[in-house]
Amino acid sequence: MKFFKALACATAFAAVALSSGLSAAAGYPERSITMVVPFSAGGPTDTVARLVAESMSKDLGQQIIIENVGGAGGTLGAGRVASSEADGYTLLLHHIGMATSATLYRKLAYDTLNAFEYVGLVTDVPMTIVARKDMDAKDLKSLIDYAKANKDTVTVANAGIGAASHLCGMLFMSAIQTPLVTVPYKGTGPAMTDLLGGQVDIMCDQTTNTTKQIQGGTIKAYAVTSPKRLDVLKDVPTAVEAGLPGFEVGIWHGIYAPKGTPAAATERLSKALQVALKDPNVAARFAELGTAPSSDTDATPAALKAKLESEIARWKPVIQAAGQYAD
Ligand code: ASP
């Protein structure tokens, strides 16, 4: 009798624990985790994800495997994670596009604010306005003149509607009041290959993809979108200095999990993220690429949730004014 009572108690406890997600997170993680990057391998989002995932893996004692699911400005990869099992073994590392695509797309396969749990903010990366190496324009003003004079043939690479490069390109075209020819890729990794080969003319992309190329002289840099010049690109003026008033964009990145992922798992992941962001190797690599790790306060579920909500509200009127939507 005693045995059956104990068994009943244990079963009841297990049911409560399971429904609250506790048992799912006890001993978590017990196997490898997949982190979806919603852009091509070799691009800036991929670079940030791989750096952070490698260090988080050490703290978690389990491998984080990167899966690149590029296309449709990051919305395909986000959709894949939204419909994945909410067990803590599938994550998404996405950037500002998570917020802008909520307005840019008339129809998404997921409801941005209700389809995810939050792990934390990772980093905020400046953008750079760059062009192929043999572009004649000496500074941003001459680049703008050239683009205006050749608007039907000047091409601007981006990673699809909803990508950071799309947002930055859209802001650039609206600032110079000239629509240019856009060329979409599954990520700015492959777009960079075409910029290096001279197949496209201009791109606005994260420093995590452009710094080494600018330093190596394989592409031309016209401006950084940060409020101040960057230590690693001292000769490159800010867009404001170069003649585009108010042109400041920071590409924040965050880690998400499917809605319903146990809080104990997202909290554990957030702790691992905080450890990774303090890893001297990660900090050094971030510094080389012109960015900095998020603080412990920002690398939390609450901070990422607040950021996503405020950024959706911030970009909605800008996108509505531009009137550019995707289906
Ligand atoms: N930089 C890309 C973007 O435009 C994304 C990437 O390829 O990582 O959003």
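Both counts, for ligands and for their atoms, begin at 1 and track the order of listing. Values reported hereafter were calculated over all heavy atoms of this structure, with side chains retained and with hydrogens, waters and symmetry mates removed. Since we're looking at a predicted model, the values are computed, not measured.
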Looking at every non-hydrogen atom in both residues, tell me the closest pair between T155 and D201 and how far apart they are. N-OD2, 2.9 Å

Considering non-hydrogen atoms only, spot the tightest contact between A78 and P38 and give its length. N-CB, 4.3 Å

With the threshold set at under 4.0 angstrom, would you say [X] reaches ligand 1 through any of its heavy atoms?
X	value
H95	yes
G97	no
N209	no

Single hit among T178, V249, L167, L244 for side-chain contact (heavy atoms from CB on, under 4.5 Å) with F172: L244

Looking only at distance, does [X] have an N or O less than 3.5 Å from an N or O of ligand 1?
X	answer
S40	no
A159	no
H166	no
D46	no

Which of the atoms of ligand 1 are close to [X], meaning less than 4.0 Å from one of its heavy atoms?
X	answer
S165	3 (C), 4 (O), 9 (O)
T45	5 (C), 6 (C), 8 (O)
G187	7 (O)

Aromatic contact, Y110 with Y105 (centres under 6.0 Å): no

For atom 2 (C) of ligand 1, which protein heavy atom lies nearest, and how many Å away is it? T188 OG1, 3.2 Å

Can you tell me which residue pairs pass the disulfide bond (SG atoms under 2.5 Å apart) test with a partner in residues 189-299, sequence neighbours excluded? C168-C204

List in chain and number order the residues that pass salt bridge (Lys or Arg N to Asp or Glu O under 4.0 Å) with K271, two or more places apart in sequence or in another chain; answer none if no residue qualifies. none

Please determine whether salt bridge (charged side-chain N to carboxylate O under 4.0 Å, His left out) holds for the pair R132 and D194, giving the CA-CA distance in whole Å, both sets of side-chain angles, and the decisive distance to 0.1 Å. CA-CA 9 Å; R132 57 182 159 76; D194 276 6; over 6 Å; no

Part of D205 within contact of ligand 1 (heavy atoms, under 4.0 Å): side chain

Look at the side chain of T207 and the backbone N and O of L289, then say whether any donor-acceptor pair between them is shorter than 3.5 Å. yes

